[in-house]
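In what follows, residues are counted from 1 in the order of the sequence shown. Since the model is a prediction, treat every value here as computed from it, not as a measurement.
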Amino acid sequence: MRFRLEALFSCLLLCLLVAGAQEPAPFASDELRALDKTLTALAAHGETRTVGVLGALGMGTGAVVSPEGRVLTNAHVAAGARYAVVIWADGRKGLARLLGISFYKDLALLELIEAPKAPLPFFELASEGPELTDFVAALGHPGGIRADFRPAFSFGRVNRLGDGITVSGFLDYTDGIETDIPLFNGNSGGPLFNLDGKLVGINGAVSFDTPSAFAVSLENLHKYLPELENGLLELNENLSARFDNPLVERIFRLVDRFTLESLERSAASERLFTLSEADWQARKAAAELAREQLGLNGQARRTPVAGRPAEAPRDRVLEPAFAELLAQRAPQVLTLYRDGVSLGYATALSAQHLVTKASGLGGGALEIELLGARHAVELVAQDDEVDLALLALPEALLEKVSWEVSAFPVPGQLIVALGHQGPAACGAVSTLWRRVAPPAPDWVSGQRDARRSQRLLKGMLRLARALRSELLVELIESYQRSQELQGSYDGGNTPRAYEQVLQHDAPIGSDEVGTPLIDVEGRLVGINVARAFQGTNYAAPAARALALLRLVEP
């Protein structure tokens with residue numbers, strides 16, 4: 001018995017030693033800087049290859065997958081009509097025709113009606129899919145296509161592969177990819193790509209109770225793309241047809257009567273934001289240069305954190321490295337109160353002045369908490385265009401703060417939202433600088449006439465019943481339920497209009513306004529002013545905050 005116990009003890013000790021040897025080292029600051037460089041290159045690379053898709057029933061995103069401008073997107077984005085409007089990040093728009101669609105795998109392929117004059121940048125399909133814990137990136141239009149037309153960048157880690165996933169009882173991602181990328185309505189159909197800039201999936205759904213996103217797998221992209229090019233129309237794994245089927249052609253002709261004219265008007269309407277041809281070409285050249293410098297044309301590279309536990313989200317992986325970078329920097333983030341009730345936070349800019357979100361301050365006595373005591377502050381300056389307020393203490397009670405400012409952050413750049421006890425949330429710059437102006441035109445915001453969409457669905461439902469197609473009836477009814485459910489998914493406080501804000505995807509809480517946004521070098525990027533919804537937050541530029549300080553401290 002003693003021998004057996006000693007042997008068992010030895011085995012357990014050996015297992016513990018092996019487990020300890022396999023425990024990965026903490027994510028270091030040099031790895032953080034390397035990832036930062038890669039993500040900024042990926043954002044530039046992906047922007048020229050990502051489009052907005054305006055369908056008959058809603059709005060989403062698409063990935064350009066050929067030099068002729070063929071666009072891969074979700075079936076639930078392109079559903080309801082034979083045509084859609086495709087919108088590039090430079091403001092160009094074009095009418096596209098549906099080549100093929102699979103509701104079973106939630107994929108659709110669009111082809112431009114008017115061929116481009118020159119080959120377009122496009123995503124290459126990766127030869128192999130991502131592995132668990134790999135970092136992957138996404139681009140899309142969360143919340144709707146904005147007036148500057150630029151897609152928003154985000155990133156995360158692969159949490160699950162191939163397990164049965166059904167979202168809202170309608171979208172089947174049984175063999176899909178689950179990530180912790182913070183996506184939202186409007187990201188549907190957008191690209192999921194690896195650190196080589198190659199397409200590994202098409203984002204299509206989000207979880208309504210966990211911060212998870214789901215993408216169609218690379219295996220299905222390789223399998224279905226040729227079929228979609230050949231006119232596949234697939235309702236489920238047992239029922240499919242081709243677009244040249246007489247019944248299919250008849251249905252689409254009827255639908256075209258209600259949708260084509262409106263879509264043609266949207267495609268022909270003027271741009272709200274015009275990027276010059278020279279600027280667009282310069283942006284494409286910068287993206288290609290980034291590919292060459294970072295070797296994005298090589299084999300898929302594993303990320304520095306490959307092998308770390310999948311249950312650790314990107315924040316838990318990145319925060320230690322940010323904490324290391326910020327260890328020698330002591331910015332003060334203080335709790336702000338109005339009439340004794342917590343109102344958010346304020347960031348120290350000097351020994352006597354702090355900056356916070358302006359709207360919501362209202363009347364009442366303002367105080368900050370410092371070293372366990374409350375101290376009165378007063379509003380001394382305000383910048384309404386970006387929703388910033390400068391507060392002053394009666395005397396210099398704070399440690400002297402010296403901020404180095406990140407004057408020109410770029411999409412893809414890693415950032416951390418700093419709380420009063422250290423890193424609060426990590427993420428990336430999504431777009432810059434963005435003007436948020438209410439109300440945007442309906443076709444831009446994605447909030448087009450809901451009643452019109454409902455009428456079209458009801459009309460399609462009547463047609464399906466007239467054709468006695470139980471499967472089509474079930475499909476349309478499921479789609480209606482899915483739209484209602486997704487339309488109710490929101491997690492933030494509706495932001496006001498902003499003249500110039502940076503958009504980022506760090507998962508801050510709606511009460512974490514007034515906190516500073518910091519880059520991997522510890523420089524001040526901005527001050528958080530709003531959480532719009534999952535994956536979309538706004539920060540006022542750091543330069544605007546310091547400009548307020550110069551008004552009182554020249």
Give a yes or no answer on whether the side chain of [X] reaches the backbone of [Y] with a donor-acceptor pair at less than 3.5 Å.
X      : Y      : result
Asp180 : Gly156 : no
Ser188 : Asn185 : no
His353 : Ala392 : no
Asp315 : Cys426 : yes
Asn537 : Arg531 : no
Trp403 : Ala348 : yes
Arg157 : Thr179 : no
Ser430 : Phe153 : yes
Thr536 : Phe533 : no
Asp339 : Gly364 : no

- Task: Carefully, step by step, assess Val416 and Leu517 under the rule side chain to side chain contact (heavy atoms under 4.5 Å, CB included).
- Result: CA-CA 6 Å; Val416 59; Leu517 209 61; over 6 Å; no
- Take Arg338 and Glu367, measure what salt bridge (charged side-chain N to carboxylate O under 4.0 Å, His left out) needs, and give me the verdict at the end. CA-CA 6 Å; Arg338 182 184 64 202; Glu367 297 175 309; over 6 Å; no
- Results of ring-ring contact (aromatic ring centres under 6.0 Å, His included) for Tyr345 - residues two or more places apart only: His420
- Query: Stepwise, does the side chain to side chain contact (heavy atoms under 4.5 Å, CB included) test hold for Phe322 with Leu32?
  - Reply: CA-CA 8 Å; Phe322 270 112; Leu32 193 71; 4.0 Å; yes
- Query: Among Val85, Val64, Thr73, whose side chain to side chain contact (heavy atoms under 4.5 Å, CB included) with Val51 holds?
  - Reply: Val64
Identify whether the distance between the nearest side-chain nitrogen and carboxylate oxygen of [X] and [Y] falls below 4.0 Å.
X      : Y      : value
Glu385 : Arg544 : yes
Asp387 : Lys357 : yes
Arg314 : Asp505 : yes
Asp148 : Arg434 : yes
Arg435 : Glu499 : yes

With a 4.5 Å cut-off on side-chain heavy atoms, are [Y] and [X] touching?
X      : Y      : result
Val410 : Val429 : no
Glu521 : Glu404 : no
Gln503 : Arg146 : yes
Val520 : Leu35  : no
Ile202 : Leu192 : no
Leu398 : Leu393 : yes
Val355 : Leu546 : no
Leu390 : Leu379 : no

If I compare all heavy atoms of [X] with all of [Y], which pair ends up nearest, and what's the gap?
X      : Y      : result
Ala215 : Asn203 : CB-OD1, 3.7 Å
Pro409 : Leu502 : CG-CD1, 3.7 Å
Val216 : Ile177 : O-CD1, 4.4 Å
Arg523 : Ser406 : CB-N, 3.8 Å
Ile181 : Ser154 : CG2-OG, 3.4 Å
His45  : Thr48  : O-OG1, 3.3 Å

- Query: When the ring planes of Tyr538 and Tyr498 are compared, do they come out parallel, tilted or perpendicular, using 30° and 60° as the limits?
  - Reply: tilted
[X] [atom1] to [Y] [atom2] distance, which is reported to the nearest 0.5 Å:
X      : Y      : atom1 : atom2 : value
Asn528 : Glu512 : CG    : CD    : 8.0 Å
Asn159 : Asp134 : CG    : CG    : 11.5 Å
Arg49  : Leu139 : CZ    : CG    : 11.0 Å
Leu414 : Asp36  : CG    : CG    : 4.5 Å
Leu343 : Ile368 : CG    : CD1   : 13.5 Å
Leu388 : Leu548 : CG    : CG    : 6.0 Å

- Task: Evaluate the criterion side chain to side chain contact (heavy atoms under 4.5 Å, CB included) for residue pair Val158 and Thr133; output intermediate values, then yes/no.
- Result: CA-CA 5 Å; Val158 177; Thr133 77; over 6 Å; no
Quick one: do the [X] and [Y] side chains pair a donor with an acceptor below 3.5 Å?
X      : Y      : answer
Ser212 : Glu178 : yes
Asn187 : His141 : no
Thr347 : Gln332 : no

- Task: Take Val529 and Val386 through the side chain to side chain contact (heavy atoms under 4.5 Å, CB included) test and state the conclusion after the steps.
- Result: CA-CA 8 Å; Val529 292; Val386 292; over 6 Å; no
